[in-house]
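Okay, so here's the structure we're looking at.
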2 protein chains.
Amino acid sequence: MKWKRSERLVDMTQFLMEHPHKLIPLTFFASLYESAKSSISEDLTIVKETFEERGSGLLVTVPGAAGGVKFIPTMTDADVKVVAEELMEQLSKAERLLPGGYLYMTDLLGSPALMNKVGKVFASAFADEKIDAIMTVATKGIPIAHAIARHLNVPVVVVRRDSKVTEGPTVSINYVSGSARRIQTMVLSKRSMEKGQRVLITDDFMKVGGTINGMKSLLEEFNCELAGIAVLVEAEHEGEQLVEDYLSLVKLHEVNEKSGTIALTEGNYFVKGGSLDESSINN
Amino acid sequence: MKWKRSERLVDMTQFLMEHPHKLIPLTFFASLYESAKSSISEDLTIVKETFEERGSGLLVTVPGAAGGVKFIPTMTDADVKVVAEELMEQLSKAERLLPGGYLYMTDLLGSPALMNKVGKVFASAFADEKIDAIMTVATKGIPIAHAIARHLNVPVVVVRRDSKVTEGPTVSINYVSGSARRIQTMVLSKRSMEKGQRVLITDDFMKVGGTINGMKSLLEEFNCELAGIAVLVEAEHEGEQLVEDYLSLVKLHEVNEKSGTIALTEGNYFVKGGSLDESSINN
């Protein structure tokens, strides 16, 4: 089949979206569509300009024999604000209040559409960092970790509270959980990471930062480096903050069980994060 | 901005891929692109034909005032075979063998690219079923459940082994785990599901089927219906099989620790599953 430009544009868009952060040689598209490289270049210019107009991604061109194009999913600050607002609206509902001042968030973490957007928010914010893996702790961080990982095209590493026979040999550490100041254990399969990898840590909720600090200690045990910390909801609290350099989408200020009110603002994303342009991407 | 056809095709493809199984009125696209409905119809015909040529999805048109188009992700049997073969090649590596005849699969479940394909395989197989939610058990089924859910645009419900304060009130059941015949517990937040919902159960691994049977019992407690069962790897074994009507992508026949061999074949997908056409989709 000889592909027309209009068909190539549709198919190419689909292909690029399914292969983010991956270098695709122009010759791949040329042979896939039985078209001249010059036609493919023109197609890619249209795709690139449309993605940029929408703010949905960058198409980075790497010149030379080993070159090609790479699709980098991005989000405009305006689109990130929409996601943060959706999240705040959802989280502010009084029926989410649980005894002890906890918030029910499980349904939000179970929404693939919302998780897809959250993943794109953080993948966009860390698109110019070298990242080899996303780390989270079971269970609730997993959907966020996978959503970020899919947009960055890197593997997910899941830390557990207990060791399992199906994980093989594990490395275990003790850490101090934040608010309760209890000693807890974290385990990670030895096969999960290699020395020297750069790791983005993520979780659904952070208060004092004990769990995230535990994951940072695990990184040290594996001789890996911290590439960043992405948190869906951070909670304000009195006293020491164990983690400093993180990005959060939403901040929980106060939960009042008596009056049924939940006070939320935007997280520090809008202070620390921000839009990318092509020049900041490391090829 | 006035959008050209070429730009509309790129942007429309991106939009449809991010909103699977969702009815989009033609007027939405017409106003988004400031174009006549007749032009949008022509665009959609090009998108539809390209998706069909590639076998990557159907674009179903719902006529009438409340109508529009719906993108249904699909996979050809040939593409599913490629996924099954990739999985078998990966799983057959001797270094995956763990003491007790277990297989290390955690890295595969941590690969977002592979999970995306696996999700599409099962979303495609169950695209013509009415499905309201995907259910799995923590921890390893979560990436598969989210991948299927994203392609079907339905929420994920995660069953846990233990109850957590952040889940609110829960329903708990006891079930008999398959091979070991031990009594185990499963809990699910009461808020997770509503009466009458149709639920697709999924997990990474199934032997006798005890865990899946436990999830079926939970569905009964919630007065929900079983819409189907999707398993990444099923394991052959002697004796009773607790679950009958399931779809598997890969079948594990034998694990020989001594010789370091792992015998695998395709799962029953290629017998029970199969391609869709537009006529089988319930609008």
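Chain identifiers are assigned alphabetically (A, B, ...) following the order of the sequence lines, protein sequences preceding nucleic acid strands; residue numbering begins at 1 within each chain.
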Practice task
Could you look at A:Val158 and say if it's the side chain, the backbone, both or neither that has a heavy atom under 4.5 Å from chain B?
Solution key: side chain

Handout entry: Exercise: identify the closest heavy-atom pair between B:Leu9 and A:Ser6
Key = CD1-CB, 3.5 Å

Practice task
Please step through side chain to side chain contact (heavy atoms under 4.5 Å, CB included) for the pair A:Ile142 and B:Thr139, ending with a clear verdict.
Solution key: CA-CA 9 Å; A:Ile142 299 174; B:Thr139 310; 3.2 Å; yes

Exercise for the section: Give, as side chain, backbone, both or neither, the part of A:Pro20 having an atom under 4.5 angstrom from any heavy atom of chain B. Expected result: neither

Exercise for the section: Give, as side chain, backbone, both or neither, the part of A:Leu16 having an atom under 4.5 angstrom from any heavy atom of chain B. Expected result: neither

Handout entry: Under 4.5 Å from a heavy atom of chain A, the part of B:Met12 involved
Key = neither

Handout entry: Largest heavy-atom contact set with chain B, pairs under 4.5 Å, which of A:Met115, A:Glu18, A:Lys117, A:Arg8
Key = A:Glu18

Problem - Cationic N near anionic O, under 4.0 Å, A:Glu7 to B:Arg54 - result: no

Problem - Largest heavy-atom contact set with chain B, pairs under 4.5 Å, which of A:His151, A:Arg160, A:Arg5 - result: A:Arg160

Practice task
With a 4.5 angstrom heavy-atom cut-off, could you sort out which part of A:Val157 is near chain B: side chain, backbone, both or neither?
Solution key: neither

Practice task
Examine whether an atom of A:Lys22 lies under 4.5 Å from a heavy atom of chain B, and if so say whether it belongs to the side chain, the backbone or both; otherwise answer neither.
Solution key: neither

Problem - A:Ser56 vs B:Gln14, side chain to side chain contact (heavy atoms under 4.5 Å, CB included): CA-CA, chis, key distance, verdict - result: CA-CA 9 Å; A:Ser56 58; B:Gln14 197 169 31; 2.8 Å; yes

Practice task
Inspect the contact between A:Glu49 and B:Lys4 and indicate whether a charged nitrogen and a carboxylate oxygen are less than 4.0 angstrom apart.
Solution key: no

Handout entry: Contact origin within A:Asn116 toward chain B - heavy atom pairs under 4.5 Å
Key = side chain

Problem - side-chain hydrogen bond (donor to acceptor under 3.5 Å, both in side chains) evaluation trace for A:Thr166 with B:Lys140 - result: CA-CA 10 Å; A:Thr166 48; B:Lys140 296 219 290 232; 2.9 Å; yes

Fill in the blank from the handout: B:Leu97 and A:Arg191 have their tightest heavy-atom pair at O-NH2, 4.2 Å

